[in-house]
There are 2 protein chains.
Amino acid sequence: MNDSPVTPDNSHTIAELIRSQLNQFSPAEMKIVNHLLANYPMSGMVSITELSESCGVSTPTVMRTLKKIGYSSFTTFQKELKDELQQTLSDPITKHDQWAADAPESHVLNKVAETVTTNLRHSLNQISHEQFDAIVDLLAQQERALHIVGGRITSAFARYLNTHLEVIRENVHIFPEAVALWPHHLLKIKPDDVLIVFDVRRYEQDLITTSRLANARGAKIILFTDQWLSPVAGYADHTLPIRIEGKSGWDSGVVTLFFAEALVVALEEKLWSQTSERMRELENMFDLTERFKKRTE
Amino acid sequence: MNDSPVTPDNSHTIAELIRSQLNQFSPAEMKIVNHLLANYPMSGMVSITELSESCGVSTPTVMRTLKKIGYSSFTTFQKELKDELQQTLSDPITKHDQWAADAPESHVLNKVAETVTTNLRHSLNQISHEQFDAIVDLLAQQERALHIVGGRITSAFARYLNTHLEVIRENVHIFPEAVALWPHHLLKIKPDDVLIVFDVRRYEQDLITTSRLANARGAKIILFTDQWLSPVAGYADHTLPIRIEGKSGWDSGVVTLFFAEALVVALEEKLWSQTSERMRELENMFDLTERFKKRTE
DNA sequence: TTTTTTATGTAAGGTAAATTACATGTAAAG
DNA sequence: CTTTACATGTAATTTACCTTACATAAAAAA
């Protein structure tokens with residue numbers, strides 16, 4: 001066990017100080033520190049009474065927690081928090097651009113955040129709600145078997161989507177990893193089945209071929225691709241052109257995942273009556289197999 | 001009593017409200033508003049006693065001044081100031097949410113977009129640049145072998161990260177899909193190796209055990225988890241607590257992927273001199289295997 | 001099982017803060 | 001030279017908060 005819980009305190013924000021001890025809190029104490037970190041630092045800028053009520057614990061518990069963290073009283077804790085906030089606000093160059101993405105030479109995190117939100121905005125403008133809804137409607141028809149396939153990089157998204165859709169509806173199948181097995185899997189695709197394809201540059205020959213053949217067998221094709229459109233678009237019934245541009249050449253997959261996730265949410269809402277039972281069963285499975293840690297809440 | 005000059009209040013910060021009335025204050029009142037504006041807004045985040053002392057006036061004078069400005073009591077004044085500050089702090093990335101959270105019954109796409117950007121914002125506030133940089137530094141040490149593992153849902157992210165890191169540096173290994181093979185893979189982990197673990201709720205027993213054992217073998221552990229922290233945090237050297245909350249119960253993975261991607265970008269920048277050669281080789285491979293469509297541009 | 005420890009809440013205290021009431025002083029108006 | 005209105009401080013009251021002491025229940029150890 002790597003104990004060393006009390007590392008020499010070089011954390012210069014209270015948040016870091018708390019996080020460095022996150023493993024040594026009791027349940028009630030966890031409620032408190034979670035709430036503190038949740039919308040830091042303003043969550044701490046209230047009276048101890050208010051704070052304790054927001055957390056659903058008693059005020060002495062708050063006191064004890066703060067003592068544990070290293071403050072002799074609530075008052076001194078809040079004073080330090082206030083100082084830290086003061087520092088942050090009055091030091092715009094160093095600290096404030098931790099929150100502001102507009103600084104020209106900013107941290108990587110901010111640059112990537114900026115890029116991703118831009119991509120998201122453009123993609124949302126590009127894809128109409130009707131188009132999206134049409135896809136959801138198609139996926140809601142459970143008599144159509146659903147197949148999912150992705151490429152070298154996008155196969156991760158294919159898996160992610162598969163894992164979630166499997167919970168929501170039946171008849172969901174993902175293509176095997178080995179490309180050599182794809183022709184075999186193609187045989188399972190019947191007319192009126194649905195095939196979801198992820199293909200962003202660089203477009204892969206196997207995906208193109210597979211889509212063409214699936215199309216020939218009468219399958220509906222939904223395509224997740226980038227703004228330059230994969231050749232698969234020629235066979236697709238629904239194409240989602242997603243902006244994947246990264247600043248210096250790299251491609252971002254975040255927005256692609258976003259749309260996959262939105263699809264899951266929309267479908268779950270639509271099928272809820274039929275789905276809830278399915279999810280309950282799954283919960284039971286999890287409980288029985290004990291693969292998961294029991295929830296403490 | 002000067003009730004008349006109450007202009008229709010379209011100033012939405014308290015500072016503006018004060019400035020709009022700067023001509024109607026008595027000397028003692030001037031001391032107060034000047035001090036308030038001087039280092040706004042933190043000057044107002046103290047007790048009325050403290051505030052009055054800083055200004056060299058009495059507490060009732062402060063009260064009267066605030067009443068004049070338009071607040072019924074010091075308490076309500078401070079509450080509004082607090083709200084304003086909160087607003088400022090939680091509005092860094094998206095200045096004005098273009099996708100309107102204000103539409104009550106908006107389209108799923110907008111709701112999910114709102115959720116995701118909120119998650120992103122909170123996570124960025126939660127994770128310090130130093131912490132992130134420390135992780136990048138660790139991953140840049142190529143003499144340390146790098147192992148990646150994820151759970152039921154997060155294994156998709158593990159794969160995504162693996163695919164990208166493999167391009168950037170050598171000595172990257174992902175855990176096999178079958179959990180039964182994990183103990184075997186554990187044997188490959190040497191002291192000073194690095195293990196990246198993805199574990200969001202529901203936390204998986206196998207991941208916890210694996211992390212414990214890897215830790216015992218002397219490996220450094222980097223953990224991607226959610227705001228409630230996987231138990232793996234107890235063994236981790238670096239923990240990224242990422243907000244994954246979805247509106248109606250579902251968990252979002254988009255921000256988790258964001259941080260994985262940011263890690264890739266940062267590492268690529270850092271290792272560029274050593275990496276570029278590697279990437280050129282990869283390009284050649286792609287050309288040779290003809291798996292990809294030739295670029296037409 | 002019994003005992004001890006740990007976790008957490010209830011209640012009471014003392015204290016500081018916010019608000020109100022009153023008093024004093026200053027400056028302009030009669 | 002009053003008188004009145006305004007400006008501001010002192011003091012008293014009430015309210016809310018922080019803190020400590022004690023009690024209880026659950027968990028761990030014996």
Side-chain angles (χ1 to χ4, degrees), chain A residues 1 3 5-6 14 18 21-36 41-83 293-297, chain B residues 1-5 14 18 21-36 41-83 228-229 231 234:
Chain A
M1 167 94 91
D3 50 6
V6 188
I14 295 179
I18 293 176
Q21 314 179 44
L22 265 178
N23 46 343
Q24 50 177 11
F25 291 117
S26 69
E29 290 172 339
M30 260 310 192
K31 285 192 202 168
I32 297 166
V33 294
N34 278 333
H35 180 262
L36 280 178
M42 290 307 285
S43 46
M45 299 298 289
V46 296
S47 73
I48 193 175
T49 318
E50 215 172 314
L51 178 59
S52 71
E53 279 167 4
S54 314
C55 301
V57 301
S58 65
T59 49
T61 303
V62 176
M63 292 233 59
R64 280 185 289 259
T65 308
L66 295 181
K67 291 233 174 84
K68 205 173 202 170
I69 294 172
Y71 296 93
S72 57
S73 72
F74 177 79
T75 315
T76 61
F77 160 77
Q78 197 172 58
K79 188 166 160 16
E80 280 222 18
L81 195 63
K82 222 175 276 182
D83 287 349
K293 184 168 186 291
K294 262 191 295 186
R295 277 173 297 185
T296 50
E297 321 173 47
Chain B
M1 172 99 71
N2 73 320
D3 48 7
S4 51
I14 295 179
I18 293 176
Q21 314 179 46
L22 266 180
N23 44 342
Q24 48 177 0
F25 292 117
S26 70
E29 290 172 341
M30 262 312 199
K31 286 192 202 167
I32 295 166
V33 294
N34 277 334
H35 181 262
L36 279 180
M42 288 308 285
S43 45
M45 299 297 291
V46 296
S47 74
I48 192 174
T49 318
E50 215 171 315
L51 178 58
S52 71
E53 279 166 4
S54 314
C55 302
V57 300
S58 67
T59 51
T61 303
V62 176
M63 291 232 59
R64 280 185 290 261
T65 309
L66 295 181
K67 289 230 175 86
K68 204 173 204 168
I69 294 172
Y71 295 94
S72 58
S73 71
F74 177 78
T75 314
T76 61
F77 160 77
Q78 197 172 59
K79 188 168 159 13
E80 280 221 19
L81 195 65
K82 221 177 275 181
D83 286 349
W228 302 286
L229 291 189

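Just so we're on the same page: letters track the sequence lines, and every chain starts at 1. What you are looking at is a predicted structure, and each value in this text was computed from that prediction instead of being measured.
The CD atom of B/Glu53 sits 12 Å away from the C1' atom of C/dA17 (whole-angstrom rounding). We find that CD of A/Gln24 is positioned 15 Å from C1' of C/dA7, with the value rounded to whole Å. For B/Arg64 and C/dC22, the CZ to C1' distance is 11 Å, given to the nearest whole Å. For the pair B/Phe74 CZ and C/dA18 C1', the interatomic distance rounds to 9 Å; values are reported in whole Å. B/Glu29 places its CD atom 11 Å from the P atom of D/dG9, with the value rounded to the nearest Å. As rounded to whole Å, 18 Å separates atom C1' of D/dC18 from atom OH of A/Tyr71. As a whole-Å value, the separation of B/Ile48 CD1 from C/dA16 P is 17 Å. Atom CD1 in A/Ile32 sits about 13 Å away from atom P in C/dA7, given to the nearest Å.
Considering CZ of B/Phe25 and CD1 of B/Ile18, their distance stands at 7.0 Å, rounded to 0.5 Å. Taken to the nearest 0.5 Å, the CG atom of A/Leu36 stands 7.0 Å off from the CG atom of A/Leu66.
When the nucleotides C/dG9, D/dC18, C/dA18 are ranked by their closest atom to the side chain of B/Ser47, C/dA18 comes out on top. The side chain of B/Val57 lies closest to D/dG9, out of C/dG9, D/dG9, C/dT19. When the nucleotides C/dT19, D/dT8, C/dG9 are ranked by their closest atom to the side chain of A/Pro60, C/dG9 comes out on top. Distances were taken from every side-chain heavy atom of B/Ser58 (C-beta onward) to each of D/dT19, D/dT10, C/dT8; the shortest belongs to D/dT10.
For DNA chain C, no neighbouring residue in residues 75-83 of chain A is found when judged by any heavy atom under 4.0 Å.
A/Tyr71 places a side-chain heavy atom less than 4.5 Å from the side chain of A/Ile14. Proximity of A/Ile48 to A/Gln78: side-chain heavy atoms (C-beta onward) are nowhere separated by under 4.5 Å. Contact of the A/Ile69 side chain with the A/Phe77 side chain is not registered, since no non-hydrogen atoms from C-beta on lie closer than 4.5 Å. A/Glu53 places a side-chain heavy atom less than 4.5 Å from the side chain of A/Thr49. Residues B/Thr59 and B/Met63 are not in side-chain contact: their nearest non-hydrogen atoms beyond the backbone lie 4.5 Å or more apart.
For the pair A/Lys67 and D/dT20, the criterion of a side-chain N or O lying under 4.0 Å from OP1 or OP2 is met. Between A/Thr59 and D/dT19 there is no side-chain N or O to OP1 or OP2 distance below 4.0 Å.
Contact annotation for A/Lys31: no contact, since no heavy-atom pair falls under 4.0 Å across all strands.
Along DNA chain D, the nucleotide nearest to A/Glu50 and the one nearest to B/Ser26 differ in position, and the one closer to the 5' end is contacted by B/Ser26.
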